[in-house]
Structure formats: structure tokens, C-alpha cells
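First comes the structure, then the notes that go with it.
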Amino acid sequence: MCCGCPGGGSSVSPGGSCVNTNNVSTNSQGNGCEHYASRPEDCRGGRFDDDDFTASSMCCACFAPVCAYTPDGNNGSTDATGEACAYYAAHPEDCGMYDDDDFN
């Protein structure tokens, strides 16, 4: 639900955090996964992917849906503790911990 939370296909360490898997591979512009953390809109459509780099399967920032206009994909609902998606943008390690019926 929240853009700050990793989605399917992520590489998750035993501690539950996402791990970028590009190693030393870079995109067609010479950038690694670090680039996508500050520019998640560049994940869309694989526009900078090349032969040895696929952002959607290598970079944690690209596992979450890319939000076109807002990081808040929850449509006003909150988790079991009253937090909205904005909280998870700053605390992605908590994704999934406080889901409830209308927030997951």
C-alpha cells in the first residue's frame, strides 16, 4: 500500500531489511541503486536499465510502487497504531508490522 515499503521480489536479509543486489553493476547512466533511493521515479519502466542492470529486480527503492504524485498510497487509512504511509517512508523497516483490515 505504501510507496516507502518494499514489495514482491525483494531481497530481504534475516533482519527484515531490503538489500540492493546490483553489487557493482550500474545503469546506462553509470548510476547504481543509490540513485534510485533519491529518484524513485526513475524506476518506472526500466528507462535506464541495460544488459547487466535491472532496477526493478536489483534496487530496494524500485520494489515499492512508484508514486506519481504522492508518497501516500493509503487513501486516508492508517495502520493499527494510527500511522499513515508517510511514517513508513522514514521507517521502511516497520513495513507490515502494524497492518490491519484497511491498511496493509
Side-chain angles (χ1 to χ4, degrees):
M1 171 180 285
C2 299
C3 291
C5 294
S10 63
S11 174
V12 179
S13 71
S17 60
C18 185
V19 178
N20 292 324
T21 60
N22 65 305
N23 298 314
V24 297
S25 297
T26 58
N27 67 16
S28 63
Q29 304 296 304
N31 296 309
C33 287
E34 316 78 45
H35 168 82
Y36 296 92
S38 63
R39 303 284 312 262
E41 67 275 10
D42 287 348
C43 296
R44 191 174 299 116
R47 64 189 222 181
F48 298 118
D49 291 354
D50 60 21
D51 292 341
D52 70 340
F53 186 92
T54 305
S56 65
S57 64
M58 294 178 165
C59 303
C60 295
C62 297
F63 296 149
V66 175
C67 295
Y69 304 107
T70 174
D72 197 15
N74 60 309
N75 296 319
S77 60
T78 59
D79 69 12
T81 66
E83 296 289 351
C85 285
Y87 170 83
Y88 293 97
H91 303 280
E93 69 277 5
D94 289 347
C95 291
M97 291 180 63
Y98 306 106
D99 290 356
D100 60 20
D101 291 340
D102 70 342
F103 188 94
N104 56 16

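Owing to the predicted nature of the structure, the values given are computational and were not obtained by experimental measurement.
Residue Cys60 comes nearest to Asn20 through the heavy atom pair N-OD1, 2.7 Å, listed as atom of the first residue, atom of the second, then distance. Of all heavy-atom pairs spanning Ala55 and Cys62, the tightest one is O-CB, 3.5 Å. Pairing each heavy atom of Ala80 with each of Asp99, the nearest pair is CB-O, 4.5 Å. In terms of heavy-atom proximity, Cys59 sits nearest to Phe53 at SG-CZ, 3.6 Å. Closest heavy-atom contact between Asp102 and Thr78: OD1-O, 3.6 Å. The minimum heavy-atom distance between Met58 and Asp52, with the atom names listed, is CE-O, 3.3 Å.
Under the 3.5 Å distance criterion, with hydrogens and angles disregarded, no donor-acceptor pair is assigned to the side chains of Asn27 and His35.
Remark: Asp101 CG to Ser77 OG distance equals 11.0 Å, nearest 0.5 Å. To the nearest 0.5 angstrom, Phe48 atom CZ is 8.0 Å from Asn31 atom CG. The distance from atom CD of Gln29 to atom CZ of Arg47, rounded to the nearest 0.5 Å, is 9.0 Å.
When atom types are taken as modelled, the side chain of Asn22 and the backbone of Ser25 share a donor-acceptor pair closer than 3.5 angstrom.
Residues meeting the side-chain contact (heavy atoms from CB on, under 4.5 Å) test with Thr26, sequence neighbours left out: none.
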